[in-house]
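Accompanying notes for the structure given below.
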Amino acid sequence: MRLSKLVGKRIKEIPKDAQTTSHILLVRGGYVRQVSTGIYTLLPLAKRIKSKVEAIIRQEMNNIDGQEILMPVVLPSELWEESGRLHTVGPELLRFSDRNKKEMILGMTHEEAVVHAVRTDINSYKQLPVMLYQIQTKYRDEARPRAGLIRVREFTMKDAYSFHTSQDCLCAYYQQVHDAYENIFKKIGFKNVVSIQSDPGMMGGNTSHEFMAIADCGEDTIFMSANGEYKANRDIAQSCLHHSIEKKLPLEKVHTPGKKTIDEVAKFLGVPTSKAGKAVFYADGNDNVIFVVIRGDIDVNEVKLKNYLNTQDLQFATDEQIRKIGCVSGYASPLNIDFEKTRVIFDQSAAKEFNLIVGANEEDYHYKNFNFSREMATVTDKIDTVDLAVVKEGEPCPVTGEPLVLKRGIEIGNIFQLGTKYTDSMGCSYLDQKGKSQTMIMGCYGIGVGRIIASVIEQSNDKFGPIWPFSIAPYHVHICAINSKKPEVKQAAENLYSKFLVEKIEVIYDDRTEKPGSMFNDADLIGVPLRIIISPKTLDRKEVEFKTRDGSRKEFIPLESITEFIKAEIDCRSQ
RNA sequence: CGGGGCGUAGCGCAGUCUGGCAGCGCGGCUGCUUUGGGAGCAGUAGGUCGCAGGUUCGAAUCCUGCCGCCCCGACCA
């Protein structure tokens with residue numbers, strides 16, 4: 001490719017709309033252009049990178065017996081009606097009607113579509129297990145797209161779906177996909193990707209992992225032990241807090257006039273907030289009130305709570321709802337509660353702590369020295385004790401005991417063991433050896449292609465531009481012809497370029513008559529790993545200069561042997 | 001959806017408070033000079049000042065409404 005003809009001009013100024021490194025460099029380098037919020041055109045450089053990423057993914061998916069298909073972007077609502085997601089998924093699902101008033105949607109993920117395909121074409125255990133995948137455009141009507149390609153509305157995703165006759169088979173395959181994903185991210189050239197346990201969320205199912213590219217601009221929070229043995233996202237991370245053993249003191253009612261919040265009560269009684277039991281009330285859509293007790297210095301993790309209650313529908317209870325179950329807002333207490341009217345859940349922190357301050361269920365009064373094991377002894381079977389805590393950086397790791405480290409990450413892939421959530425509701429079954437109809441067991445596996453491009457930049461750049469890993473670089477070699485108005489330079493550069501084309505070397509050739517500074521800056525922005533500089537100076541010595549984008553090498557090579565030299569360099573990087 | 005910011009040439013911005021010729025830098029095009037880290041000179045093209053309405057002799061500037069874009073939050077397989 002001649003740089004003079006490449007569509008996508010480099011821009012010197014920092015684009016007004018861009019903040020993150022990858023966004024700035026993708027725009028400045030002429031890789032992408034925004035069309036609307038969260039909607040981008042990929043220009044030739046980005047398209048080449050994307051194709052290379054896809055090729056790596058495709059190879060690994062085929063390696064684990066995946067069969068590539070292509071499902072529609074536009075889908076009839078009926079399919080989503082069948083799975084039930086038409087109503088459970090919020091406004092991020094874009095809905096519209098066609099000219100015949102038929103309700104349609106834009107696919108944000110394709111479980112329904114793939115189940116439709118599988119239930120039509122697979123009906124015997126002999127055809128299972130099977131994995132189908134596609135690399136296809138997805139649309140999600142995101143509330144707030146941001147950071148260039150990292151959070152967008154329209155994007156390309158590799159989504160794969162596997163179908164099994166047993167949970168064991170799914171588990172084994174899940175592990176294969178996990179391994180394939182690690183291969184993919186390694187081949188792409190990421191410096192730092194971790195797989196962490198995650199919350200399955202709206203996808204349903206049990207086990208799931210997220211693959212996180214570690215980057216400061218990432219929107220996900222990851223807790224890790226220093227040695228990396230424990231890794232979990234914010235939604236499910238746990239910590240093991242220390243509880244110093246104390247002598248249980250007698251329960252004592254104290255006057256706390258007007259002190260309603262944890263801070264006020266703790267300060268008034270001269271104890272740290274960790275010695276107070278916080279009462280938090282939630283209500284679901286059916287007016288059921290859930291009474292959560294947690295240590296005063298810890299917040300309730302609503303994702304953990306929703307998962308535990310197996311509901312997505314949960315809000316803070318209103319004062320009215322709290323009153324109805326017989327609690328006094330601000331002085332609510334787990335003591336003497338009517339278990340018929342509310343469900344009580346203790347976070348472990350509050351259950352294990354000694355001599356807590358709790359409410360007295362009476363205006364202006366609290367109790368001192370509440371001890372769960374003593375005060376709740378007769379009703380423990382009516383109380384759930386679970387982990388609902390929001391974990392904070394520095395708390396002890398549940399596995400190693402070291403302080404947890406907080407990192408930011410970009411979710412570039414995820415894998416789920418879905419079970420029968422979709423196959424059940426959509427009637428996706430097969431006949432087993434005995435001729436009996438069985439429901440298929442399903443897994444699904446996604447990778448965000450656009451996010452990968454941005455994430456690689458976040459992990460591999462300098463102040464001049466991206467430093468592409470060889471495997472996904474838009475080109476392998478970049479030729480700069482300096483002072484190409486001189487016929488000998490022009491001639492040598494053109495010769496080399498033609499030769500490279502003949503040798504099928506992926507080359508981009510800066511054939512412009514720019515100043516060297518402009519050419520080098522543009523080359524840095526394009527980020528091609530190998531660079532050849534031809535100038536009057538090098539030609540005087542019958543040489544060209546060879547440089548790597550990462551700055552690790554800079555040497556002069558005889559003009560006559562440069563083609564073989566470059567071929568060898570490419571070979572040893574391709575393997 | 002809540003809070004904040006922005007919208008003027010392809011890009012980055014000044015001008016808006018205090019109404020009075022549509023500006024600057026980069027980029028583009030032409031010519032000459034220059035060529036190892038974003039060159040110089042000369043010339044030239046490029047505008048619905050986001051849109052609509054209002055106030056005024058006169059609106060980029062003041063008023064009203066709308067739209068778009070960015071950031072924080074809420075939300076998010």
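Residue numbers start from 1 in every chain, and the chains themselves are labelled A, B, ... in the order their sequence lines are given, proteins ahead of strands. FYI, side chains are in, hydrogens and waters are out, and symmetry mates aren't considered; it's all heavy atoms of this structure.
- The separation between Lys515(A) atom NZ and C26(B) atom P is 15 Å, rounded to whole Å.
- Per the geometry, NE2 belonging to His23(A) stands 8 Å off P belonging to C71(B), to the nearest Å.
- The phosphate of C70(B) has OP1 or OP2 within less than 4.0 Å of a side-chain N or O from Thr37(A).
- Protein atom CD1 of Ile479(A) is 19 Å distant from nucleotide atom P of G36(B), rounded to whole Å.
- G28(B) and C11(B) are spaced 15 Å apart, taking the P atom of each and rounding to whole Å.
- Between the side chain of Lys486(A) and the base of U35(B), no donor-acceptor pair under 3.5 Å is found.
- Across the protein-nucleic acid pair, Gln19(A) atom CD and G4(B) atom P stand 18 Å apart, rounded to whole Å.
- For the pair Glu142(A) CD and A74(B) P, the computed distance is 14 Å after rounding to whole Å.
- Contact check, Ser36(A) against G68(B): no side-chain N or O comes under 4.0 Å of OP1 or OP2.
- At a threshold of 4.0 angstrom between heavy atoms, the contacts of Arg28(A) include nucleobase atoms, whether or not backbone atoms are also involved.
- Taking atom P in both U33(B) and C70(B), the straight-line distance is 46 Å, to the nearest Å.
- You won't find any donor-acceptor pair under 3.5 Å spanning the side chain of Glu514(A) and the base of G38(B), going by distance alone.
- In terms of phosphate contacts, Arg144(A) brings a side-chain nitrogen or oxygen within less than 4.0 Å of OP1 or OP2 of C71(B).
- At a threshold of 4.0 angstrom between heavy atoms, the contacts of Asp522(A) include nucleobase atoms, whether or not backbone atoms are also involved.
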Sugar-phosphate or base contact per nucleotide [nucleotides 10-16 of chain B; S, B, -; heavy atom under 4.0 Å]: SBSS---

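- Contacts of Ala481(A) with the nucleic acid, taken as non-hydrogen atoms under 4.0 Å apart, are absent.
- As a whole-Å value, the separation of Asn521(A) CG from G36(B) P is 14 Å.
- Among the heavy atoms of the strands, none lies under 4.0 Å from Met519(A).
- Interface residues of residues 532-542 of chain A facing RNA chain B, ordered by number: Ile533(A), Ser535(A), Lys537(A), Thr538(A); criterion, heavy-atom separation under 4.0 Å.
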